[in-house]
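This report concerns only the one structure given below.
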There are 4 protein chains.
Amino acid sequence: MEAFAENGYAATRVEEVAKRAGVSKGLLYLYFKTKEDLFKAVIRNFVSPRLDALIQDIGNSDLTAEEFLRGPFLDFAKKVPRSPARVLARLMIAEGPKHPDLVAWYWENVVSKGMAAIRTVLEKGVRGGEFHRSAVDDFPQLLVSPVLFAMVWTQVFDAHDKLDTDGLMEGHISLVLNSIKVDR
Amino acid sequence: MEAFAENGYAATRVEEVAKRAGVSKGLLYLYFKTKEDLFKAVIRNFVSPRLDALIQDIGNSDLTAEEFLRGPFLDFAKKVPRSPARVLARLMIAEGPKHPDLVAWYWENVVSKGMAAIRTVLEKGVRGGEFHRSAVDDFPQLLVSPVLFAMVWTQVFDAHDKLDTDGLMEGHISLVLNSIKVDR
Amino acid sequence: MEAFAENGYAATRVEEVAKRAGVSKGLLYLYFKTKEDLFKAVIRNFVSPRLDALIQDIGNSDLTAEEFLRGPFLDFAKKVPRSPARVLARLMIAEGPKHPDLVAWYWENVVSKGMAAIRTVLEKGVRGGEFHRSAVDDFPQLLVSPVLFAMVWTQVFDAHDKLDTDGLMEGHISLVLNSIKVDR
Amino acid sequence: MEAFAENGYAATRVEEVAKRAGVSKGLLYLYFKTKEDLFKAVIRNFVSPRLDALIQDIGNSDLTAEEFLRGPFLDFAKKVPRSPARVLARLMIAEGPKHPDLVAWYWENVVSKGMAAIRTVLEKGVRGGEFHRSAVDDFPQLLVSPVLFAMVWTQVFDAHDKLDTDGLMEGHISLVLNSIKVDR
DNA sequence: TATGAATGAGATTTCATTCAT
DNA sequence: TATGAATGAAATCTCATTCAT
């Protein structure tokens with residue numbers, strides 16, 4: 001994963017992967033038929049347990065929607081942009097269009113689940129009278145777009161303008177809540 | 001640009017670029033010392049005139065901040081995610097870390113200018129009493145993160161979930177404005 | 001060595017070297033980073049064991065200086081001009097100025113040692129009263145210049161005037177000895 | 001000539017020759033059909049007028065053979081090793097075997113004439129009773145071998161051991177004369 | 001299971017030569 | 001006569017993949 005993350009799929013040499021794994025090139029070909037196979041396996045095995053945990057939380061928790069957003073979700077949103085997961089995001093952006101089955105797998109196992117989870121929280125908020133209906137109901141992506149943004153920014157522009165990702169996430173959540181919360 | 005956008009830097013053959021340009025491989029090497037040089041030149045010559053126009057607008061316009069966000073800015077935000085610029089964004093994300101001078105150029109000529117422009121609009125809004133202070137003043141990135149998000153999504157996940165980018169942008173602007181506008 | 005000797009460095013194709021070695025182009029690049037590396041390795045591994053033997057002889061032998069020049073040295077001088085070493089000489093002349101580190105290596109490991117050996121013999125002759133002081137003490141090169149001359153001539157002008165290299169060498173030694181020997 | 005001398009035939013680019021000549025590549029091809037044609041023309045036009053002058057001298061002069069060797073010949077032998085002609089020698093050694101017609105031309109116009117001239121001088125010496133018969137009569141090459149040697153050495157080993165070419169030549173002539181002069 | 005030497009197809013790069021102007 | 005943009009064949013070099021051990 002390290003190697004692919006640094007150089008992208010095409011520019012990563014199989015030998016480089018073998019070296020970092022401490023094995024010979026030949027052994028890789030015993031386990032994976034082609035370089036692409038190897039790449040896919042690498043990506044698939046790199047699933048964030050954090051996201052799964054978060055999704056689990058939603059069902060089990062007895063927090064209000066706002067508490068959830070300010071608590072576990074914000075937590076998650078703060079950790080991800082500087083976690084190893086960010087390189088996976090970059091890889092998916094870079095290589096996705098050339099590896100549709102990888103995107104499909106990623107969509108099914110990660111993205112769609114995540115989106116569903118967010119919808120669940122928002123609906124809970126609306127039903128419970130915490131939130132009024134708003135754009136985020138139709139576009140739950142608005143809730144996560146700064147997360148993606150931060151993952152990208154930290155990998156591309158950090159040298160020119162280091163982003164306070166924690167602050168960004170806190171600001172984002174307060175901005176959204178300020179917009180969708182029902183006044184009492 | 002087409003070729004690099006489709007395949008990424010490493011996977012694009014110089015011959016492919018030459019063929020699409022309707023010239024011979026050799027000619028490219030007459031103008032560019034290496035494949036990397038060629039790549040950099042391609043990227044640099046692909047500046048969105050749209051962004052420049054938008055930045056110009058800000059100085060000249062006599063619109064209120066809200067009118068600006070709902071007008072020219074929303075316009076821009078709707079057009080970009082499906083414009084050719086999106087492939088440039090993807091290329092920068094994919095190849096940036098391996099080509100720091102390209103990132104530096106892009107930062108200076110595009111990103112920092114854009115960020116400054118947004119700050120100008122927001123300050124105008126605050127000074128004019130339209131907006132109260134909020135997270136977007138510290139993190140103007142929050143205003144553009146859905147634009148990046150949409151550019152990425154449309155290139156990676158469109159096959160699985162086609163995003164209504166216009167709707168997303170409208171929703172985003174209304175969400176933000178709802179949060180930062182001063183009540184009267 | 002054959003290939004480089006025939007065509008010179010620039011005009012020799014790596015593929016040609018590989019073919020003569022009975023391996024693939026790729027393998028050469030596994031062992032040598034560049035064509036130049038390969039070339040240097042070829043040259044360095046082509047050390048004449050004959051010269052080393054000659055140099056050894058000087059220390060060990062109990063011959064008089066004249067006997068040495070008429071014996072082992074003349075032997076060496078007769079063999080070299082038509083030995084494989086001559087192509088190495090031609091290569092060093094042709095390619096040396098473009099590969100200074102190769103010249104440096106050759107100087108240290110071959111030429112300077114050879115010159116020192118000749119000086120040793122001449123000094124022995126002078127000290128032993130065989131030879132009087134002469135120009136060859138200051139310019140031991142005079143003793144070997146016909147060897148180089150013959151190596152060059154046989155490679156360039158043989159078709160036009162075949163040189164009797166053995167005769168040349170014998171004539172040279174007798175000429176020199178006639179000039180430097182002390183009359184008794 | 002400069003360009004070919006520095007890099008050898010194969011490694012010299014036609015463009016480099018054109019640049020140094022201050023003309024365009026295209027113009028060269030107006031005057032010379034191929035790179036090889038150009039090369040041959042360059043070599044042929046670079047004839048040392050010095051050698052011709054020397055050869056003339058022999059016929060005309062009323063010097064004794066010894067006076068000639070110590071005078072005009074030594075003069076010539078001192079000048080040549082550091083003159084532009086030395087690069088021509090290196091080129092002939094390097095490229096000769098690949099360009100037989102060039103060697104043939106050079107042989108006819110330069111080398112054979114030079115050798116004949118030397119023979120003339122030596123015969124004059126022998127006939128005039130100055131010299132007794134010796135190896136140089138059969139191998140006049142012995143008289144010029146230090147000249148070639150010095151031309152090569154100065155181009156290959158000067159950085160490691162700068163040769164006093166004037167001293168070398170004086171030593172050579174005195175050594176030879178000492179050997180072949182008739183005692184009186 | 002594991003190695004690493006070896007291959008060969010294909011990529012980048014070079015450069016003699018041509019040709020429209 | 002002169003240019004220099006353009007070509008394309010061939011060179012160097014890379015690297016995924018194979019295979020004997």
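Proteins get letters first, then strands, A, B, ... in listed order; numbering begins at 1 in each. Note: hydrogens, waters and symmetry copies are ignored here, and every other heavy atom, side chains too, is used.
Base pairing annotation: F/dA10 forms a Watson-Crick or G-U wobble pair with E/dT13, both donor-acceptor distances under 3.5 Å. Across all strands shown, F/dT21 forms a Watson-Crick or G-U wobble pair with E/dA2, both key distances being under 3.5 Å.
When the nucleotides E/dG8, F/dT12, E/dG4 are ranked by their closest atom to the side chain of C/Ser24, E/dG8 comes out on top. Here F/dC13 is the nucleotide among F/dC13, F/dT3, F/dT17 with the atom lying nearest to any side-chain atom of C/Thr34. Here E/dT7 is the nucleotide among E/dT7, F/dA16, F/dT3 with the atom lying nearest to any side-chain atom of C/Val23.
In this structure, A/Lys35 fails the cation-pi test against A/Tyr29, since its NZ or CZ atom is not both closer than 6.0 Å to the six-membered ring centre and inside 45 degrees of the ring normal.
Comparing C/Val14 and C/Gly26, the nucleotide of DNA chain F nearest to each residue sits closer to the 5' end for C/Val14. Map B/Ala10 and C/Leu28 each onto its nearest nucleotide of DNA chain E; the residue landing nearer the 5' end is C/Leu28.
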Check your understanding: When you look at D/Glu2 and D/Val87, which way does the side-chain contact (heavy atoms from CB on, under 4.5 Å) test go after all the steps?
Key -> CA-CA 8 Å; D/Glu2 265 174 44; D/Val87 304; over 6 Å; no

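Across the protein-nucleic acid pair, C/Leu30 atom CG and E/dG8 atom C1' stand 13 Å apart, rounded to whole Å. What separates CD of A/Glu16 from C1' of F/dT14 is a distance of 14 Å, to the nearest Å. Rounded to a whole Å, the CG atom of A/Leu38 is 16 Å from the P atom of F/dC15. Residue D/Leu27 contributes atom CG, which lies 16 Å from atom C1' of F/dA5 at whole-angstrom precision. Regarding A/Lys25, its NZ atom lies at a distance of 13 Å from the P atom of E/dT7, rounded to whole Å. The nearest whole Å value for the distance from the CD atom in A/Glu15 to the C1' atom in E/dA5 is 11 Å. Across the protein-nucleic acid pair, D/Arg13 atom CZ and F/dA11 atom C1' stand 14 Å apart, rounded to whole Å. As rounded to whole Å, 16 Å separates atom C1' of F/dA11 from atom CD of C/Glu36.
Side-chain contact of A/Thr154 with A/Arg82: a donor-acceptor pair under 3.5 Å is absent, judged by distance alone.
Remark: C/Tyr29 is in phosphate contact with F/dC13, judged by side-chain N or O atoms under 4.0 Å from OP1 or OP2. Put simply, D/Tyr31 has a side-chain N or O that comes within less than 4.0 Å of OP1 or OP2 on F/dA2.
Between B/Lys113 and B/Asp52 there is no salt bridge, since no side-chain N of the basic residue sits under 4.0 Å from a carboxylate O of the acidic one.
Each of B/Arg13, B/Arg20, B/Arg90 was checked for a salt bridge (Lys or Arg N to Asp or Glu O under 4.0 Å) with B/Glu6, and the lone residue meeting it is B/Arg20.
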